[in-house]
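First the proteins, then the strands, lettered A, B, ... as listed; each starts at 1. Side-chain atoms are counted along with the backbone in the values below, which use heavy atoms only and exclude waters and symmetry mates. Computed from a predicted structure; not experimentally measured.
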Amino acid sequence: MLSAIAVPVIAISVATALESLPAERREAASALGLRRDQLVRSIVLPHTRPALATGLLLGLARAAGETAPLLFTATVFAGADALPTGIVDEPVVALPTHIFTLAQDAADPAALQAAWGSALALLLVAALLLLAAAPVRRRLATRGGA
Amino acid sequence: MSAAVPALRARDVCVAHGDDVLVSPMSLDVEAGATVGLCGPSGSGKSTILRAVVGLLPDGLRARGEIVVLGTDVGDPASDMPALRARAVLVGQVPTVFPESILANALFGLRHVVRAPREQLVARARAGLVEAGLWEEVCDRLDAPASQLSIGQRQRLCLARALALDPDLLLLDEPTSALDGDSKAIVEAAIGRLGGRRALLVVSHDPAQLRRLCGEVVSLESVATG
């Protein structure tokens, strides 16, 4: 479900990078006898890698804040416990829905405090992902020369 | 390559976009080891012909007629065009270097096309740089980014990575059009040294340059038949 939210961000980022790939570079590689798969590995992927990494981080940050889709698909209505008992089949609790659940017990000061703490953790995770996007892109672009 | 097999044989070749003929029918032969120049005014289709020879026409354009390169029919869908392009290498008009080091650029075609130990590939890349007249200028900074080279040096690096493949036919598209006087003379000298060792088809809008470089010069207008 969350992939439907994250994928467009990644796709737009990569598509923009693909459009910026100079046609001369593809042609120069083809003229040296590279096959299509070699062209993708040696020319297209190195050029789009920074944008792919940025898109992944931004998409993840975007998806991390989603609450409503998780309520219906993975957490509350799927009967998730406070802590998961497995990593494959068990429903899980995401931070946004955890905050939502705690906020419903706002009369309890401990629950409210935990909600504020969880909100801060979510904010920090999203901020970290967003702040990391630009340096990661720059670093990969420098390494790939793109 | 057998001496009996011409490097290039083009018969009644034209390039069209749908029903619109963009390059009039022409015929051209390049024998093994020969250096042939193709001249014509801007827009006459010289570069398009070179692209047609190696099957790299832009989307929407189609070549008609017979093009046989090193014994391979370019129009045959069963032909292995990437393998042919490694033997008949096109060096484009714009000196495009890859965003890697000078050595990685010289090795670029080799490491994808030739399966051999790296030392052998590096030796061939070095030979390409020597043949293109660039070795003396870059031998102490092979790991430097190729983007640091001047336009003239980039042009010779493009030539070097093509030569490293040891092609039977080299197709040079306006090899000095982006260069100033000194760089032009250096690149011309490098091209001049290639003559006789492999077949060359050089495209230029400058007939005087082609007369200096080539044993035979063909004008695109003079070969057009309709």
Exercise. Yes or no on side-chain contact (heavy atoms from CB on, under 4.5 Å) for B/F108 and A/S42, after CA distance, side-chain angles and deciding distance?
Worked result: CA-CA 9 Å; B/F108 193 87; A/S42 299; 4.0 Å; yes
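B/R193 CZ: more than 12 foreign heavy atoms inside a 6.0 Å radius. For B/R118, the CZ atom is loosely surrounded, since the number of other residues' heavy atoms within 6.0 Å does not exceed 12. For A/Q113, the CD atom sits in a loose shell: 12 or fewer heavy atoms of surrounding residues, nucleotides or ligands are nearer than 6.0 Å.
For the options A/E24, A/R36, A/R35, A/R41, heavy-atom pairs under 4.5 Å to chain B are most numerous at A/R35. Ranked by non-hydrogen atom pairs under 4.5 Å with chain A, the options B/L165, B/T96, B/V54 are led by B/T96. Contact tally against chain A (heavy-atom pairs below 4.5 Å) for B/S147, B/P167, B/P82: the top residue is B/P82. Taking B/V97, B/D80, B/V94 one by one and counting their heavy-atom pairs under 4.5 Å with chain A, the maximum is reached by B/D80.
Using a 4.5 Å cut-off between heavy atoms, B/R161 touches chain A through backbone and side chain atoms alike. Of the two parts of A/A23, neither the backbone nor the side chain holds a non-hydrogen atom closer than 4.5 Å to a non-hydrogen atom of chain B.
Two residues are said to be in side-chain contact when any heavy atoms from C-beta on lie closer than 4.5 Å; B/M81 and A/S30 fail this criterion. Contact annotation: the side chain of A/L32 never approaches that of B/H112 to less than 4.5 Å [non-hydrogen atoms, C-beta and beyond].
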